[in-house]
K.L.:
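I'd like to ask some things about the structure below.
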Amino acid sequence: MNESLKQSEGIDLHSQSGIRRVNLTNINIQKEALELLPSQLIRSQRILPLSRTNHSVTVAVAEPYDHQQIEGIRMVTGLQVVPLLAPAVEIETAIRNLLAYGPDPDMERTVAELSDSLHKRFGGSQEIAAINIQDDAPVIRMVNLFLKQAVAAGSSDIHIEPLADAARVRFRVDGELYPVVTIPKKIMLPLISRLKIMAGLDISEKRLPQDGRFYIQIDSREVDFRISTLPTSNGEKAALRVLDKSNLITGLDHLGLTDKNMQRLRCMTQRPRGMVLVTGSTGSGKTTTLYALLQAIDSTACNIITLEDPVEYSLAGINQVQINPKAGLDFTTGLGSILRQDPDIIMVGEIRDQATARLAVRASLTGHLVLSTLHTNSASAAAARLADMGIEPYLLISALNGVAAQKLLRRLCENCRQSILLDKDQAARLGIPQEAGNTFFTPGGCNMCRQIGYRGRVAVQEILLAGPAVRQAVHRRADADECQAAAVADGMIPIREDALAKARQGKTSLEEIIKAVMGDQ
């Protein structure tokens, strides 16, 4: 066994039936060991090579007495295998973090193979003529590899971007973009063409944007991808939204709401009629919150119809309608048709214009519960936005049940977060009252979080109920600041306070709050 590995604090030297246990959190994992086995085999078998010598390879396994698995590793590597015991969840997390970001030997081999194949056919030209993508195995393998890699990393988006003399693939994870692989520029055309074929788009059209959708099976589950192409000065760019159903929040209890905010949210959604709005920036989880609200309603006793662009996830027992502007089905015409379908509850994916806003308000005033989203940075700004769309205050006062505003912040890694104490000057600059406590947490860095200090995201919210003070503010056409003060008077906890409370619990950091919450205030 490698000496540095023996001496690492990551290994518990207490033996368990002759098999040592390893803590994967802070252990130094050799790149040379990872490259001994194909990444697909590492993922499928849930094994993690840690280090190698000239004669042996040390591997973390969840089942150290699986002799067939150990023998398979020996045959592939040609080395003696030293198994170490680790929990399966730690192995899976480490594999995801180590293999999902940065060079993947399988991907590098496939890129090299495709590059050689294109060079033989077209020489050194950067402009590759059309090829039969359906039959080009390296292209198909490359696309499948980075799609699977993106899902394994928990990515929300994939960006394939042409540069001046190359191209790059980046994943968005927890709201941040990470470079994954850089590929030769000549591979871009077959790569984008393959994705277009999967989505049923026109591969000959490169001058206009196109949108499409496809799905593939990954590890026995169906994952949807929405693709959007865009012509740029360096070539055609593609962005893919990853819709992994296994990551869909299926209940209100998973939204991270405090008890008071949960009570306020239930209060405004359990009314038989009225309008409930969820606000926030793009990517703040508004649709996820709407889905959670709908799933909390008994669809067997209600006629629930949604109008979405696009339908991101299928919800059992709910009638979901896909917007199709080319066919004349937009939010306005769709909402008008839904009102003739005897609905009890209507979800409108987004209120974008005056016509849709007026129809949504009318529907809420005629006995329907209407759920929708707006792009505003706070709950109090929703009333001002609807007023800008031409909604009269007396109508809004009667229609509005409440507004939920939310943001997503990166969640601190529980394994390596570190506590800090704020002094009085720091607390004063951030406007944090000293009597509330001054212990917070800061990111560390370990193998469980790719040495970043964050894993996943946490939602922070503010829930505005249309109480007496809010209704008076709306009636006199108050601005967002006055509406905010009125909402607080009606019992709303500002999103800043919710974020600070979660920071004190160690769920997120002050840096995240300053960047995502205080920057808007």
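Every value quoted in this text rests on a predicted model; they were computed, and no experiment measured them.
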K.L.:
Should D174 and R411 count as an ion pair when the cut-off is N to O under 4.0 Å?
P.N.:
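Looking at D174 and R411, the cut-off is not met.
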
K.L.:
Using 30° and 60° as the class limits, which term best fits the ring planes of F225 and F214: parallel, tilted or perpendicular?
P.N.:
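Ring orientation of F225 relative to F214: parallel.
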
K.L.:
Does the side chain of R496 reach to within under 4.5 Å of the side chain of L500, using non-hydrogen atoms?
P.N.:
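They are in side-chain contact.
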
K.L.:
Do the side chains of H159 and L177 get nearer than 4.5 Å, heavy atoms only?
P.N.:
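A side-chain contact exists here, since the closest heavy-atom pair is under 4.5 Å.
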
K.L.:
Are there more than 12 heavy atoms of other residues, nucleotides or ligands under 6.0 Å from atom CD of Q505?
P.N.:
yes

K.L.:
Are Y178 and F171 near enough that their ring centres are under 6.0 Å apart?
P.N.:
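Ring centres of F171 and Y178 not closer than 6.0 Å.
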
K.L.:
Can you name the closest pair of heavy atoms from V403 and M268 and give their distance?
P.N.:
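That closest heavy-atom pairing would be N-SD, 3.9 Å.
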
K.L.:
Does E511 CD have over 12 foreign heavy atoms under 6.0 Å away?
P.N.:
yes

K.L.:
S284 side chain to K407 main-chain N or O, any donor-acceptor pair under 3.5 Å?
P.N.:
no

K.L.:
Any donor-acceptor pair under 3.5 Å linking the side chain of K196 with the backbone of L191?
P.N.:
no

K.L.:
For atom CD of Q322, decide whether the heavy atoms of other residues, nucleotides or ligands shown that lie under 6.0 angstrom number more than 12.
P.N.:
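Yes, enclosed.
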
K.L.:
Between the side chains of T287 and Y313, does any donor sit under 3.5 Å from an acceptor?
P.N.:
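Checked: T287/Y313 side chains show no N/O donor-acceptor pair below 3.5 Å.
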
K.L.:
Kindly check if the number of other-residue, nucleotide or ligand heavy atoms within 6.0 Å of CZ (R46) is above 12?
P.N.:
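No, because the 6.0 Å sphere around CZ of R46 holds 12 heavy atoms or fewer from other groups.
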
K.L.:
What's the spacing between Q149 CD and I158 CD1 if we round to 0.5 Å?
P.N.:
9.5 Å

K.L.:
Should F441 and S419 count as side-chain neighbours, where that means a heavy-atom distance under 4.5 Å?
P.N.:
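They are in side-chain contact.
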
K.L.:
Between T182 and R168 (side chain of the first, backbone of the second, donor and acceptor by atom type, cut-off under 3.5 Å), is there such a pair?
P.N.:
no

K.L.:
What heavy-atom pair brings A404 and I463 nearest, and what distance separates the two atoms?
P.N.:
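Reported closest heavy-atom pair: CB-CD1, 3.6 Å.
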
K.L.:
Which atom pair, heavy atoms only, marks the closest approach of M142 to I187?
P.N.:
CE-CG2, 3.3 Å

K.L.:
Treating S56 as the side-chain partner and R52 as the backbone partner, does any N or O pair qualify as donor plus acceptor under 3.5 Å?
P.N.:
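A pair under 3.5 Å: no.
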
K.L.:
When you measure from the side chain of K502 to the backbone of A459, do you find a donor-acceptor pair of N or O atoms at a distance under 3.5 Å?
P.N.:
yes

K.L.:
Any sub-3.5 Å donor-acceptor pair from E512's side-chain atoms to L408's backbone N or O?
P.N.:
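Between the backbone of L408 and the side chain of E512 there is no qualifying donor-acceptor contact (under 3.5 Å).
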
K.L.:
Might you confirm whether atom CD of Q217 has over 12 heavy atoms from other residues, nucleotides or ligands at distances under 6.0 Å?
P.N.:
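Yes, CD of Q217 has more than 12 neighbouring heavy atoms, counting only those of other groups under 6.0 Å.
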
K.L.:
When you look at Q406 and T289, which way does the side chain to side chain donor-acceptor pair (under 3.5 Å) test go after all the steps?
P.N.:
CA-CA 9 Å; Q406 69 181 46; T289 298; 2.7 Å; yes

K.L.:
About how many Å separate CZ of R241 and CD1 of I227, when rounded to the nearest 0.5 Å?
P.N.:
13.5 Å

K.L.:
Measure from the side-chain N and O atoms of S44 to the backbone N and O of L41, and report whether any donor-acceptor pair falls under 3.5 Å.
P.N.:
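Side chain of S44 to backbone of L41: a pair is present.
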
K.L.:
Checking side chain to side chain contact (heavy atoms under 4.5 Å, CB included) for the pair S156/V242: CA distance, chi angles, key distance, verdict?
P.N.:
CA-CA 5 Å; S156 61; V242 183; 5.9 Å; no

K.L.:
How close do R264 and G491 get, heavy atom to heavy atom, and via which atoms?
P.N.:
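In this case the closest contact between R264 and G491 is NH1-O, 3.4 Å.
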
K.L.:
Could you walk me through whether D309 and R352 satisfy the salt bridge (charged side-chain N to carboxylate O under 4.0 Å, His left out) test, starting with their C-alpha distance in whole Å, then the side-chain angles of each, then the deciding distance to 0.1 Å, before giving a yes or no?
P.N.:
CA-CA 12 Å; D309 183 23; R352 298 177 178 175; 3.4 Å; yes

K.L.:
Over all heavy atoms of both residues, which pair between I19 and P64 is shortest? Give the atoms and the distance, please.
P.N.:
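Heavy atoms of I19 and P64 come nearest at CG2-CB, 3.8 Å.
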
K.L.:
For T229 and K237, indicate whether the former's side chain and the latter's backbone hold a donor-acceptor pair under 3.5 Å.
P.N.:
no

K.L.:
With no hydrogens and no angle check, is any side-chain donor or acceptor of K185 less than 3.5 Å from a backbone partner on N234?
P.N.:
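Yes.
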
K.L.:
Without swapping roles, check the side chain of R385 against the backbone of H375 for a donor-acceptor pair under 3.5 Å.
P.N.:
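At least one qualifying donor-acceptor pair exists.
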
K.L.:
May I ask you to decide whether E414 forms a salt bridge with K507, counting only side-chain N to carboxylate O separations under 4.0 Å?
P.N.:
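The answer is no: the pair does not qualify as a salt bridge.
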
K.L.:
Can you find a pair of side-chain heavy atoms, one from L37 and one from T77, that are under 4.5 Å apart?
P.N.:
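Contact flag for L37/T77 side chains = yes.
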
K.L.:
Set out, in order, the CA-CA distance, both residues' side-chain angles and the distance that settles side chain to side chain donor-acceptor pair (under 3.5 Å) for E308 and Q320, then state yes or no.
P.N.:
CA-CA 7 Å; E308 305 175 58; Q320 295 175 267; 2.9 Å; yes

K.L.:
Give the minimum heavy-atom separation between L374 and I351, together with the two atoms involved.
P.N.:
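Nearest pair, atom of L374 first, then I351: CD2-O, 3.5 Å.
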
K.L.:
Should V81 and V57 be marked as a side chain to side chain contact (heavy atoms under 4.5 Å, CB included) after you check the CA-CA gap, both sets of side-chain angles, and the distance that decides it?
P.N.:
CA-CA 5 Å; V81 180; V57 56; 4.2 Å; yes

K.L.:
Charged N to carboxylate O under 4.0 angstrom, D211 versus R226?
P.N.:
no

K.L.:
Taking only Lys NZ, Arg NE, NH1 and NH2, and the carboxylate oxygens of Asp or Glu, determine whether K260 and D498 approach each other closer than 4.0 Å.
P.N.:
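No, K260 and D498 are not salt-bridged.
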
